[in-house]
Amino acid sequence: MTTFFRRTLIAAVLAAPVPATPAVAQRLSPAEAVISRTVDADYERSVALLEKLVNQNSGTLNLDGVTRVGTMMRAELEPLGFTVTWKPMDAVQRAGHLIAVHRGKPGTKTLLLIGHLDTVFEPGSPFQKFVRKGDLAEGPGAGDDKGGMVVIVSALRAMQAAGTLKNANIEVHLTGDEEKSGSPHRIARADLIAAGKRADVALDFEGLVIDSGRDMGSIARRSAIDWRITASGRTGHSSGIFSADMGDGAVYELARILTTFRKELPEPNLTFNTGVIAGGARASIDESGTAAAAGKTNIIPATAVAIGDIRTLTPEQTARVKAKMAAIVAAHAPGTDARIEFGEGYPPMAPTEGNKALLAKLNGVNRDLGLAEMPALDPLKRGAGDVSFVAADVDSLAGLGPYSTGDHAPGETVDLASIRRQAKRAAILMSRLSAERSMR
């Protein structure tokens, strides 16, 4: 889900990333210069960690595999002074979450770092191994999000070497079910939401987006909310369709609803999709999205079902669109009925002033590293993610992981050089933010 809408760029762009080091000396403090040198020196160590993580399958439903990746990350974070806790998620049929806390100087900002242990590649997938090709590497989750976790570790190691980690208040949340979240979310995301209420800043380490050759800053992510419409109608011989006795039938009622959606719902930053439809004398769509239907050409269909999703930019837009959809569904054609149900979904991360201010601080880091300014990414070009669960409570920035292409499909490829670029940005940004006074 995290890269569902990410633009896949041509291989030439991936092979020629933005330079990771400045050509001339910039305005880094002595400690920040140590951070930059340490990230470069640790490059091969970071790649080795990525290979180790990728070669352990951690498809969301491979509970043992997700737990093993959590153990690997514990081994990286505890030596850096973090108190690490494993939070089992048996209640939602998922492996669990890794929570790591570093206590620093009281009264300074608390930073929440967000990533995830799981991938979309279950043990039955043919795509299982890390394969390095110079400064590129293929592998399941190499970018999404094992590469993001490597950026976190690289950045924290560099902060430790520079002495900026010692006083930093940092809480790391690595969820075990981002790709296929457990339900209900009030259980599956309770710890993350609580951490967001404690934090001053949330930084999301899913993948960097490059658009038109430029690294982009993500200050917004749209929601992803599923819906299901079930329409019903009177059934009988087709010769009676549209009569006062029989009405329009379930399929025409569903068609009316979807056609009206297309005409009346469009507005900026909203997308709405119908993914699967089934209709007939009998019709159903199961939880996997598999449809089944049966009927005859001369029988008015009694049932029609459709599933889809909506993606919105703000909570206000979500509420408005849901209300409009419900009203359209309620305006039944003759002799029919219909209802709409909305799933839990992922909330939106709205482009707040606080998020814009965070991107401005990141661009201050870019200037001092000699890197180009990162414009704000169009939220239509990014899918939903875990940071959205905390975005209503804390200023947030997404996309601090490495750049990759082909995510969620065999051949997923990460630009290894971007790990260094992103780790330097993150470590210096975190060092500066952690020295600021908390407003909580």
Side-chain angles (χ1 to χ4, degrees), residues 2-3 39 42-80 82 84 86-87 94-100 113-123 125-133 135-158 172-180 203-208 385-386 400-423 426-427:
T2 58
T3 56
V39 169
D42 274 358
Y43 175 59
E44 291 300 331
R45 182 181 180 184
S46 295
V47 174
L49 174 59
L50 180 61
E51 180 174 8
K52 180 181 178 181
L53 294 171
V54 168
N55 283 336
Q56 171 57 62
N57 179 278
S58 61
T60 308
L61 301 182
N62 179 6
L63 306 191
D64 180 67
V66 172
T67 303
R68 288 175 182 270
V69 171
T71 300
M72 294 176 187
M73 290 302 295
R74 177 192 288 272
E76 300 298 328
L77 295 170
E78 284 184 334
L80 296 172
F82 284 79
V84 181
W86 179 256
K87 184 65 179 287
R94 296 294 184 268
H97 310 317
L98 191 79
I99 302 170
L113 315 186
I114 302 171
H116 61 91
L117 305 163
D118 64 318
T119 76
V120 301
F121 301 97
E122 298 295 342
S125 168
F127 187 52
Q128 295 289 343
K129 293 296 182 182
F130 179 92
V131 179
R132 184 171 181 179
K133 302 175 181 179
D135 275 346
L136 304 178
E138 283 187 5
D144 183 20
D145 188 35
K146 291 176 178 178
M149 293 193 294
V150 169
V151 170
I152 290 175
V153 172
S154 179
L156 294 174
R157 283 177 185 156
V172 180
H173 275 246
L174 303 176
T175 59
D177 61 344
E178 195 272 349
E179 300 293 0
K180 190 176 179 64
L203 302 175
D204 162 51
F205 284 81
E206 287 198 297
L208 170 70
D386 276 342
L400 290 168
Y403 176 65
S404 58
T405 59
D407 293 10
H408 288 204
E412 178 177 335
T413 299
V414 64
D415 171 12
L416 296 172
S418 70
I419 292 175
R420 290 190 292 175
R421 189 160 79 249
Q422 292 292 78

Quick one: does [X]'s side chain get under 4.5 Å of [Y]'s, heavy atoms only?
X    : Y    : result
E76  : L49  : yes
L117 : S58  : no
V54  : F121 : no
L98  : V172 : no
L416 : L50  : yes
H97  : H173 : no
V414 : F130 : no
D144 : H116 : yes

Q: Please list all pairs passing the salt bridge (charged side-chain N to carboxylate O under 4.0 Å, His left out) test where one or both residues lie in residues 56-68, with sequence neighbours left out.
A: D64-R68
(Q) Quick test of your reading: applying salt bridge (charged side-chain N to carboxylate O under 4.0 Å, His left out), list the pairs with at least one residue in residues 42-53, sequence neighbours left out, ordered by first then second residue. (A) E44-R132
Output the distance between atom [atom1] ([X]) and atom [atom2] ([Y]), rounded to the nearest 0.5 Å.
X    : Y    : atom1 : atom2 : value
D386 : D145 : CG    : CG    : 9.5 Å
R420 : D135 : CZ    : CG    : 6.5 Å
D415 : L208 : CG    : CG    : 9.0 Å
N55  : L53  : CG    : CG    : 9.5 Å
Y403 : L136 : OH    : CG    : 10.5 Å
Q422 : S154 : CD    : OG    : 11.0 Å

Q: Identify, with sequence neighbours excluded, every residue that meets side-chain contact (heavy atoms from CB on, under 4.5 Å) alongside A95.
A: L63, V66, T67, W86
Mind listing the closest non-hydrogen atom pair of [X] and [Y] along with its distance?
X    : Y    : value
Q56  : V69  : CG-CG2, 3.6 Å
L400 : V151 : O-CG1, 3.5 Å
K146 : T119 : CE-CG2, 3.8 Å
D177 : T60  : CA-CG2, 3.8 Å
S404 : G143 : OG-CA, 3.7 Å
I419 : P402 : CG1-CB, 3.8 Å

[X] side chain vs [Y] backbone, donor-acceptor pair below 3.5 Å:
X    : Y    : result
R74  : A100 : no
Q128 : P123 : yes
E412 : A137 : no
D118 : E179 : yes

Q. Excluding sequence neighbours, so at least two apart, what forms ring-ring contact (aromatic ring centres under 6.0 Å, His included) with F82?
A. H102
**Q.** ring-ring contact (aromatic ring centres under 6.0 Å, His included) against F205, all qualifying residues, sequence neighbours excluded
**A.** none
Q.
Going by side chain to side chain donor-acceptor pair (under 3.5 Å), name the residues that satisfy it together with E138, two or more places apart in sequence or in a different chain.
A. K133
Q: Apply side chain to side chain contact (heavy atoms under 4.5 Å, CB included) to the pair L203 and I152, showing each step before the final yes or no.
A: CA-CA 10 Å; L203 302 175; I152 290 175; over 6 Å; no
